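Take a look at the structure set out below.
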Amino acid sequence: MNNIDHKDFEAVIGLEVHAQLLTQSKAFAPVAAQYGQAPNTQISPLCLGHPGTLPLVNENLIRYIIKMGLATNCSIAPKSIFARKNYFYPDLPKGYQISQFETPICEGGYIDIELEGYSKCIGITRIHMEEDAGKSIHDQDPYNTLVDLNRAGTPLIEIVSEPDLRTPEEAYAYLSKIKQIVQYLEICDGNMEEGSLRCDANVSVRQRGSKKFGTRTELKNMNSFRNVEKAIDFEIYRQIELIEAGGKVVQQTLLWDTIKMETRIMRSKEEAHDYRYFPEPDLPPIIVTNELLDEIKAELPELAHIRQQRFVEQYHLSVIDAITLTENRYLADFFEELVSKSGQVKASVSLVLSDVLRVLNEQSITIQDFPLSATRLAELLDLRASDKVSSTAKQTIFNAMLEQGCSAQELAEKLNLLQVSDSNYMDDLVKQVIEANPDEAARYKEGKKQLMGFFVGQVMKASKGKANPKMANELVRKYLD
Ligand code: ADP
Ligand code: MG
């Protein structure tokens with residue numbers, strides 16, 4: 001990636017993030033809003049814009065956006081209204097989307113983002129509700145564009161940031177934080193690749209030290225976190241180079257080309273939509289009472305930064321470990337379940353941070369798809385803690401569990417990995433090893449204690465790796481110290 005500290009310029013970035021809510025039904029119609037169903041099976045007369053139909057607000061739409069507002073320190077308007085955003089498009093049969101315009105329900109919040117070496121507070125201008133449009137499909141029929149209205153009317157929230165971001169890395173961190181919050185709140189699955197989280201980036205550059213913002217462009221069509229970072233980086237450079245060559249940035253909407261890795265023009269300011277917003281006459285104002293607000297506050301889960309602090313205090317973790325474990329809500333849940341089932345904090349931390357995370361990375365899966373339950377892994381930790389298997393064997397069993405799914409005990413038996421802790425057997429073995437190595441025994445007695453490793457090694461070898469090394473250690477000490 002280029003270094004964006006290009007001479008005397010500084011970038012200014014503001015993000016508009018759309019999050020698709022995980023409600024059972026659509027925003028304003030009692031019909032299922034499930035992803036991935038056969039085209040045009042999740043529709044009702046309202047989604048089709050039939051005359052005479054009337055919208056009805058899904059209560060969870062209101063609850064979910066209030067949760068998001070509270071989690072991002074916004075103030076929640078006691079009264080706000082819906083507005084119609086009018087435009088014509090084949091996938092929008094009503095001819096308008098129900099949205100919010102002058103009175104968003106959440107305003108004036110902030111979130112903190114963490115970067116290497118510093119943290120920063122990013123303002124949230126507003127969060128409002130809206131419904132999604134349907135989908136035009138251009139690549140399935142050689143002659144016609146097809147329309148799927150399953151998505152029409154699914155509930156979205158739009159989170160608009162202040163122009164507080166300065167680098168592509170900050171934009172990435174901000175977006176990750178938004179994803180983390182919606183996942184902790186369980187209001188959106190946060191999947192950018194599937195489109196349940198979408199992001200438009202507004203980018204401008206200015207002379208470093210200048211207070212005035214430059215002219216911005218708006219970037220669309222970035223369907224992954226990395227693409228957002230790359231597109232912003234590309235655009236900052238394009239603008240700086242344009243200005244340095246004596247040109248002027250034109251306000252326009254640009255599309256990110258994921259193949260060519262460059263931005264190209266979608267529309268200019270003159271072509272910008274005039275949505276002719278007006279208050280939605282078919283829906284009453286949204287009144288948020290104090291009772292409702294208290295109820296929702298009580299339902300809020302422990303958010304990542306609070307959980308992170310608790311992990312440091314309760315489990316005595318390093319801040320870095322606590323951040324990694326709480327980054328994803330479900331990973332943190334998994335870890336806590338493992339601790340409570342195994343009673344072992346340290347072993348749980350290392351199992352999750354090194355082994356589980358490695359598998360998730362290698363297989364590109366999330367913790368929800370991890371094949372082993374916390375109960376199964378707790379059994380493995382128990383085997384190790386009671387010294388029935390060595391730490392090397394524990395690793396072998398973990399890998400075997402992934403492939404075979406049996407319990408740790410079964411696999412330890414099957415793979416012949418159970419450690420021998422029989423005291424008579426161990427006693428004999430240690431005596432034999434000492435007798436077979438009189439020189440080393442003498443040197444040990446003279447004070448060369450480093451030879452302990454040698455003796456334990458010999459015992460392990462004689463037992464074909466199955467002796468309990470801790471016991472071997474104790475017995476050598478018993479006979480030679
Ligand atoms: P619009 O409705 O046309 O998208 P808004 O005023 O709502 O315009 O701004 C949208 C986003 O653009 C916000 O996230 C805001 O922070 C950001 N923004 C506004 N001005 C600038 C600028 N000069 N440079 C970069 N981002 C900006
Ligand atoms: Mg915009």
Side-chain angles (χ1 to χ4, degrees), residues 4 6 9-19 68-69 72-74 80 83-87 96-97 99-111 113 120-130 156-179 181 197-222 228-229 231-240 242-243 248-256 263 265-278:
I4 72 118
H6 196 306
F9 287 93
E10 165 181 75
V12 172
I13 305 156
L15 298 188
E16 296 166 89
V17 179
H18 279 97
M68 188 63 187
T72 54
N73 311 292
C74 287
S80 63
R84 284 192 187 177
K85 178 179 178 180
N86 301 281
Y87 64 95
Y96 60 87
Q97 275 172 299
S99 181
Q100 293 196 289
F101 188 50
E102 275 161 351
T103 60
I105 189 164
C106 311
E107 262 184 308
Y110 64 86
I111 57 175
I113 58 169
K120 196 169 166 180
C121 179
I122 306 299
I124 306 277
T125 317
R126 56 184 276 157
I127 311 177
H128 66 256
M129 302 176 263
E130 58 185 37
L156 302 175
I157 57 174
E158 179 171 347
I159 305 143
V160 182
S161 86
E162 288 289 306
D164 288 344
L165 302 157
R166 293 290 173 271
T167 64
E169 294 76 22
E170 287 183 9
Y172 185 96
Y174 169 84
L175 199 54
S176 307
K177 193 83 192 192
I178 295 284
K179 171 176 168 167
I181 296 172
L197 201 67
R198 288 169 244 160
C199 169
D200 297 341
N202 295 269
V203 178
S204 66
V205 298
R206 63 180 173 187
Q207 296 277 333
R208 206 170 280 282
S210 154
K211 291 259 180 306
K212 219 172 128 248
F213 289 153
T215 305
R216 71 181 149 120
T217 57
E218 185 169 352
L219 312 181
K220 289 185 179 289
N221 196 38
M222 301 161 294
V228 171
E229 203 178 7
I232 293 173
D233 191 56
F234 177 92
E235 181 58 15
I236 291 170
Y237 263 85
R238 191 190 67 84
Q239 292 186 14
I240 293 176
L242 185 66
I243 292 169
K248 257 195 173 148
V249 176
V250 181
Q251 187 172 342
Q252 50 195 191
T253 304
L254 305 170
L255 281 184
W256 173 245
T263 50
I265 299 174
M266 180 179 160
R267 59 173 176 255
S268 66
K269 195 185 174 191
E270 292 73 50
E271 301 163 279
H273 293 299
D274 177 358
Y275 293 116
R276 303 267 161 174
Y277 281 100
F278 65 84

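Each ligand, and each atom within it, is numbered from 1 in the order the structure gives. Because the structure is predicted, anything quoted here is derived from the model rather than measured.
- In the candidate list R216, E16, K212, E158, R216 is nearest to atom 6 (O) of ligand 1, counting heavy atoms.
- Classification of R126 and E107 as a salt-bridged pair fails, no side-chain N sitting under 4.0 Å from a carboxylate O.
- Using a 4.0 Å cut-off between heavy atoms, L15 contacts ligand 1 through its backbone alone, with no side-chain atom that close.
- Residue-ligand proximity, V12 to ligand 1, at heavy-atom distances under 4.0 Å covers atoms 24 (N), 25 (C).
- Of all atoms in ligand 1, listed by their number and element, those nearer than 4.0 Å to a heavy atom of P163 are 16 (O), 27 (C).
- Between G214 and ligand 1, a contact under 3.5 Å exists for at least one N or O pair.
- Contact annotation for E162 and ligand 1: only backbone heavy atoms (N, CA, C, O) come within less than 4.0 Å of the ligand.
- Taking both residues in full, the closest heavy atoms of Y174 and I113 are given as CA-CG2, 3.6 Å, listed atom of the first, atom of the second, then distance.
- For the pair R84 and Y96, the cation sits on the ring face: its NZ or CZ lies under 6.0 Å from the ring centre, inside 45° of the axis.
- Aromatic ring orientation, F101 versus Y277: parallel (interplanar angle below 30°, classes split at 30° and 60°).
- D274 and R276 are joined by a salt bridge, as a carboxylate oxygen and a charged side-chain nitrogen come within less than 4.0 angstrom of each other.
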Item to complete: Apply the test side-chain hydrogen bond (donor to acceptor under 3.5 Å, both in side chains) to residues T125 and E162: give CA-CA distance (whole Å), side-chain angles for both, the deciding distance (0.1 Å), then the verdict.
Response: CA-CA 5 Å; T125 317; E162 288 289 306; 2.7 Å; yes
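- The atoms of ligand 1 that sit less than 4.0 Å from any heavy atom of V160 are 13 (C), 14 (O).
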